[in-house]
Amino acid sequence: MIEKALLHLGRIARQLWFRVVLISLFSLLALLLAPLAKPLLPDGLSEDFGREAVLPVLTILASGMLAVTTFSLNVMVSAYRTAASTATPRVYRLLLEDTVTQRVLATFVGGFIYSLSAVILFRARYYTPEGALAVFGLTIIVVILIVGAILRWIDHLSSLGSMDHTLRLIENRTRASLRTRVKKPCLGGLCAREDAKPEDAVDIPAAQSGFVRYAGLAQLNELAAEAGTQITLARAPGQYILRGQPVAWATGGGSKFRKTASAAIDIGDVRSFDQDPSFGLTLLAETAQKALSPGVNDPGTAVEVMGRLERLLWENTPADETSDAREAAYPNVCIPPVTAQHLLACAFPPIARCGSEAPSVMRWMEKSLDALGEHPNPEMAKAAKEMCQELKDGSWG
């Protein structure tokens, strides 16, 4: 239960509104607690740096930050729509999690909330002269933060929504997902062959239709240990399932156990990077396909995408297929492995089908597969060699 709560908390923390609300609350809290700083302030400054000195600055901030925030939101939405139209529509959700944009916009909104609230509190005679001095000091800090955010925003706007920025975001999230599988093969559980239903196993039905987004292996392992059973996932993260179909199997357990186990597997309308490393490879391949479409005709982007795919697979190939059962942190849960063949199938064949008429793209693909054929992971090397041979034989046509 704790694992699933942390998952949802992490997803909330990656959303724009969360940072905005958090910084706004800190701003209000600082204003309300400012009078408590009276013992720390030097005497004799409240007359020079009090109410009359700080109110004009707060008024300027309140009006200026509202305009800057509105303008920045318009720029953000326009840039993200451009990126979604030139790359792939599914990248829009990833762009919304861009931490630089979130921090900048949260600073702007927080500055607006701070200045507007301070003006209201001053008009309500909430502050004593010493409290007004504390607000003056806080305002200086807020101005410094806003200036820093503006400079960071100007630098970020130079790449926001560009193809380079979009591809870099996808690659970074894909690398993080792949490295999780490298460090914890089969996510810490036992590796099982897909659709390998254990004998005399009962179905654990899916609570809803959608993509398997996250499997709480820690909770599943605890449930299985308490019931003296073994749980085997029928669908790996990233796969689609219909409500009522078996999302997992168990070698025992009652109806309450099956219901609790089903609730530990998160299913949603869209795929997630959390436990699905192939999702990022799919997004990169879709971007290359869009670049190779007749309306765009940009083989250079497709070549760049393949370079990123090659780098990701060379440096971060999961060891699910070769993992040792002794490494399992959750021995009561079996999960289908991420195979090298599956990763390659998500990456290169879609590009080949759209780039068959672009010799430069096909030459680069053959070069990439040849390089991956020398991978230190034997499963990746074997899968890459087989795929390269299929490419030469024209099996993807």
Side-chain angles (χ1 to χ4, degrees), residues 5-6 8-80 93 95-157 160:
L6 291 175
H8 289 298
L9 182 61
R11 288 177 178 171
I12 291 174
R14 293 197 295 266
Q15 297 183 23
L16 174 60
W17 67 265
F18 178 80
R19 291 177 185 263
V20 171
V21 170
L22 195 63
I23 291 183
S24 299
L25 289 177
F26 276 130
S27 301
L28 292 173
L29 186 63
L31 287 171
L32 293 174
L33 297 180
L36 300 180
K38 178 181 177 180
L40 304 176
L41 300 175
D43 297 329
L45 294 180
S46 56
E47 294 183 3
D48 297 328
F49 301 99
R51 173 189 175 93
E52 299 304 323
V54 73
L55 263 178
V57 179
L58 292 172
T59 304
I60 294 172
L61 281 179
S63 58
M65 284 301 97
L66 180 60
V68 169
T69 301
T70 305
F71 169 77
S72 298
L73 285 172
N74 288 332
V75 171
M76 183 195 75
V77 172
S78 177
Y80 286 1
R93 295 187 295 271
L95 290 168
L96 288 176
E97 298 177 1
D98 181 17
T99 55
V100 175
T101 302
Q102 290 183 357
R103 285 196 298 267
V104 169
L105 289 176
T107 302
F108 291 162
V109 175
F112 170 71
I113 298 295
Y114 168 84
S115 53
L116 182 62
S117 300
V119 170
I120 293 174
L121 291 174
F122 269 114
R123 298 300 183 189
R125 303 292 178 179
Y126 176 76
Y127 295 115
T128 62
E130 292 79 7
L133 178 59
V135 174
F136 184 86
L138 287 174
T139 304
I140 293 176
I141 296 174
V142 170
V143 169
I144 293 174
L145 292 176
I146 290 173
V147 171
I150 290 174
L151 295 176
R152 185 69 183 92
W153 186 230
I154 291 173
D155 177 68
H156 193 56
L157 284 178
L160 185 64

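In this chain, residues are counted from 1 in sequence order. Just so we're clear, the structure is a prediction, and the values are computed from it rather than from any experiment.
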S.K.: Is a side-chain donor-acceptor pair under 3.5 Å present for Thr139 with Tyr114?
M.R.: yes

S.K.: Any non-hydrogen side-chain atom of Ser72 less than 4.5 Å from a side-chain atom of Val104?
M.R.: no

S.K.: List the residues meeting salt bridge (charged side-chain N to carboxylate O under 4.0 Å, His left out) with Arg152, not counting sequence neighbours, and say none if there are none.
M.R.: Asp155

S.K.: Closest approach of Ser24 and Gly110, non-hydrogen atoms and distance?
M.R.: OG-CA, 4.2 Å

S.K.: Apply side chain to side chain contact (heavy atoms under 4.5 Å, CB included) to Phe122 and Val135, showing your working.
M.R.: CA-CA 10 Å; Phe122 269 114; Val135 174; 3.8 Å; yes

S.K.: To the closest 0.5 Å, what do you measure between CZ (Phe108) and OG1 (Thr70)?
M.R.: 11.5 Å

S.K.: Using side-chain hydrogen bond (donor to acceptor under 3.5 Å, both in side chains) as the criterion, list what pairs up with Ser27, not counting sequence neighbours.
M.R.: none

S.K.: With sequence neighbours excluded, what pairs up with Ser117 under the side-chain hydrogen bond (donor to acceptor under 3.5 Å, both in side chains) test?
M.R.: none

S.K.: Exactly one of Ile140, Val147, Ile141 should register a side-chain contact (heavy atoms from CB on, under 4.5 Å) with Ile144. Which one does?
M.R.: Ile140

S.K.: Provide the closest heavy-atom pair for Trp153 versus Leu160 in the form atom of the first, atom of the second, distance.
M.R.: CH2-CD2, 3.9 Å

S.K.: Report the residues that fulfil side-chain hydrogen bond (donor to acceptor under 3.5 Å, both in side chains) with Arg19, sequence neighbours left out, ordered by chain and then residue number.
M.R.: Gln102

S.K.: Please report the shortest heavy-atom distance between Ile23 and Ala106, naming the atom on each side.
M.R.: CD1-CB, 3.5 Å

S.K.: What pairs of donor and acceptor atoms, side-chain ones from residues 53-62 against any protein atom, are under 3.5 angstrom apart with sequence neighbours left out?
M.R.:
residue, atom, partner, partner atom, Å
Thr59, OG1, Leu55, O, 2.9

S.K.: Give, for atom CG of Leu66 and atom OG of Ser115, the distance between the pair rounded to the nearest 0.5 Å.
M.R.: 9.5 Å

S.K.: Are Met76 and Leu105 close enough that some pair of their side-chain heavy atoms sits under 4.5 Å apart?
M.R.: yes

S.K.: Under the side-chain hydrogen bond (donor to acceptor under 3.5 Å, both in side chains) rule, collect the residues that match up with Thr101, sequence neighbours excluded.
M.R.: Tyr80, Asp98, His156

